[in-house]
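The first residue of the sequence shown is numbered 1, and numbering continues consecutively from there. Note that this is a predicted model, so its numbers are computed, not measured.
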Amino acid sequence: MDSLIAASARALAAGDALGALKRVALRDDPPALALRGIAMAQLGEHRRARELLRRAARGFGSHEELSRARCVIAEAEVALAVRDFTASPRALAAALATLEAHADHANLLHARLIAVRRLLLLGRLEEAGAALAQSDARVAPRTPIAPQPSAARTAPRVPAAPAARAPLPALAAVASLAAAELALRSLRIGPAQAALERAHAAAERAGIPALLAEVAEARSALDRPAALRLAAGGEQLLRLGEVAALLASDTLVVDACRRGLGSGGLWRPLARRPLLFALARALAEAWPGDISREALIATAFRTRDPDATHRARLRVEIGRLRALVADQAQIAATARGFVLQPLAGRDVAVLAPPIAGEQAALVALLSDGAAWSTSALALALGASQRTVQRALAELEEAGRVRPIGRARTRRWLAPPLAGYTTILLLPAALPLE
């Protein structure tokens with residue numbers, strides 16, 4: 001490795017993208033192209049970064065498969081930053097195999113962490129947990145590694161150039177941040193706090209300001225309101241720790257953030273049964289009183305002119321809800337409607353999301369500061385693109401999101417949500433169905 005390449009790689013490892021470009025901006029050999037691509041990604045020029053990284057990968061010869069694999073890993077992280085989930089996983093899998101065959105353990109860990117972060121964005125939490133369990137942050141300090149953290153959630157943690165060396169604690173910090181996010185989304189507050197402490201300590205050892213800022217942002221999620229508790233006594237903003245404590249208590253909780261019922265550690269998911277959840281929430285909001293049949297029909301079936309068919313269907317759906325929550329509560333008929341009767345004299349509370357509207361999960365995804373395509377949002381939400389397009393049109397009309405680009409390059413942005421955390425609104429937040 002010549003002196004300019006080495007100096008540029010060191011600058012990238014320290015987060016100095018402009019300093020790295022000064023040394024290699026006029027060079028077109030594969031190592032310089034890779035460094036230029038990573039520097040452009042750090043500066044937010046993601047399209048140009050991907051072009052340079054692809055040129056670098058093509059430029060490395062057949063005997064330089066390790067360098068090509070590192071370029072593939074770098075491009076995969078840039079793709080993650082721009083929320084591009086369309087690439088085939090085969091290329092990343094092949095790069096992982098190459099790194100493992102060459103005993104490049106640190107870059108292998110970095111690649112696995114990219115895969116973990118992709119799974120977290122898509123809401124595949126069980127897969128992310130299994131992948132994270134395979135990662136080992138305790139790699140040999142002499143191994144060339146490839147992480148370069150970015151600022152908060154708005155840009156990628158772009159890997160350093162092939163054969164570049166970055167401070168080992170950066171990898172440990174990234175791994176701990178992934179573990180913390182997984183724990184927060186499963187409402188395991190203790191493990192999340194421990195992971196965040198590890199991430200902070202590792203980030204301080206790495207001495208990278210952007211990484212320290214990302215850890216600080218993650219830690220602040222514990223102190224911001226995550227949900228609104230609606231009960232007979234009034235409303236109350238709850239933080240994540242208080243939400244976890246409420247769900248672990250004997251209170252019967254109708255969780256409108258994750259669409260389910262919980263009490264004493266028992267969880268009943270209703271996300272895929274929206275009509276039953278609408279009935280459960282209406283009954284819970286009326287507790288300890290009853291709610292009329294007309295109000296239930298208007299809430300569940302969205303009609304103000306019910307007929308005999310609506311009343312018959314209401315009886316059927318109430319019967320289904322009774323059977324589903326039989327070990328948590330009873331639903332008794334009254335003269336004018338129905339009343340929720342929790343077992344063992346439990347209290348009832350409703351957890352409402354901090355974001356009003358039916359598109360709360362969509363807004364939560366967009367609030368990370370990244371530009372999302374319609375297809376990526378549909379993949380993360382598990383919905384059709386047409387459904388997402390309709391929701392985005394409504395949000396755009398309300399001024400809550402804005403598009404950039406046109407046609408196939410169109411992306412969507414939303415301003416960050418000040419004062420709240422959206423952990424409970426992200427796709428597939430635990431407890432899992």
Note, W287 side chain near D347 side chain (heavy atom, < 4.5 Å): yes
L177 and L211: CA distance, side-chain angles, deciding distance, side-chain contact (heavy atoms from CB on, under 4.5 Å) verdict: CA-CA 10 Å; L177 278 172; L211 182 54; 4.1 Å; yes
Separation of L324 CG from R320 CZ (nearest 0.5 Å): 11.5 Å
CG on L92 to CD1 on I73, rounded to 0.5 Å: 4.5 Å
Enclosure of R402 CZ (heavy-atom neighbours >12, cutoff 6.0 Å): no
Side chains of L171 and L113 in contact at under 4.5 Å (non-hydrogen atoms): yes
Side-chain donor or acceptor of R336 paired with backbone N/O of D290 under 3.5 Å: yes
Euclidean distance, L222 CG relative to I423 CD1, rounded to 0.5 Å: 9.0 Å
Trace of the salt bridge (Lys or Arg N to Asp or Glu O under 4.0 Å) decision for R411 with D84: CA-CA 11 Å; R411 298 292 185 270; D84 181 1; 5.9 Å; no
Closest heavy-atom pair and its distance - R185, L125: CZ-CD2, 3.8 Å
Main-chain N/O of L247 paired to T251 side chain as donor or acceptor, under 3.5 Å: no
No-hydrogen, no-angle side-chain donor-acceptor test under 3.5 Å, S263 and Q328: yes
Derivation of the side-chain contact (heavy atoms from CB on, under 4.5 Å) call for L43 and L18: CA-CA 8 Å; L43 295 173; L18 293 177; 4.0 Å; yes
Side chain S186, main chain L182, donor-acceptor under 3.5 Å: yes
side-chain contact (heavy atoms from CB on, under 4.5 Å) assessment of L228 paired with L351: CA-CA 6 Å; L228 183 66; L351 277 183; over 6 Å; no
Separation between CD1 of I114 and CZ of R118, rounded to the nearest 0.5 Å: 11.5 Å
Validation row: V82, R50 side chains within 4.5 angstrom (heavy atoms): yes
NZ/NE/NH1/NH2 to OD/OE distance under 4.0 Å, R219 and E197: yes
Minimum side-chain heavy-atom gap L365-L426 below 4.5 Å: yes
Step-by-step side chain to side chain donor-acceptor pair (under 3.5 Å) determination, D307 to H310: CA-CA 5 Å; D307 55 24; H310 291 109; 2.9 Å; yes
pair L314-L279: side-chain heavy atoms closer than 4.5 Å: yes
Salt bridge (charged side-chain N to carboxylate O under 4.0 Å, His left out) partners of residues 371-397, not counting sequence neighbours, each pair once: none
Exercise: identify the closest heavy-atom pair between G289 and V339: O-CG2, 3.4 Å
Side-chain donor/acceptor of T409 to backbone N/O of G405, under 3.5 Å: no
Any side-chain heavy-atom pair of L340 and L252 under 4.5 Å: yes
Closest contact, heavy atoms only, L381 versus V388: CD1-CG2, 4.3 Å
Donor-acceptor contact below 3.5 Å, side chain Q134 vs main chain A131: no
Charged tip of R258 within 45° of W267 ring normal and under 6.0 Å: yes
Non-hydrogen atoms of A81 and A370 that approach each other most closely: O-CB, 4.1 Å
Stepwise salt bridge (Lys or Arg N to Asp or Glu O under 4.0 Å) check, R273 with E317: CA-CA 11 Å; R273 306 183 75 173; E317 299 300 338; 5.9 Å; no
Under 3.5 Å donor-acceptor, H110 side chain and A106 backbone: no
Heavy-atom neighbours of R410 CZ exceed 12 at 6.0 Å: yes
Audit row: V348, L283, side-chain contact (heavy atoms from CB on, under 4.5 Å) steps and yes/no: CA-CA 10 Å; V348 175; L283 288 165; over 6 Å; no
Minimum-distance pair of heavy atoms, taken over all atoms of L120 and A178: CD1-O, 4.0 Å
Point-to-point distance, once rounded to the nearest 0.5 Å, from CD of Q359 to OG1 of T387: 11.0 Å
Side chain to side chain, L66 and N107, heavy atoms closer than 4.5 Å: no
Test side-chain hydrogen bond (donor to acceptor under 3.5 Å, both in side chains) applied to R229 - qualifying residues, sequence neighbours left out: none
Nearest-0.5 Å distance that lies between atom SG in C71 and atom CD1 in I38: 7.0 Å
Note: R47-E51 ion pair, threshold 4.0 Å (strictly below): no
Cationic N near anionic O, under 4.0 Å, E217 to R224: yes
Side-chain heavy atoms of D327 within contact of R268, under 4.5 Å: yes
Heavy-atom pair of closest approach, residues P353 and L425: CB-CD2, 3.5 Å
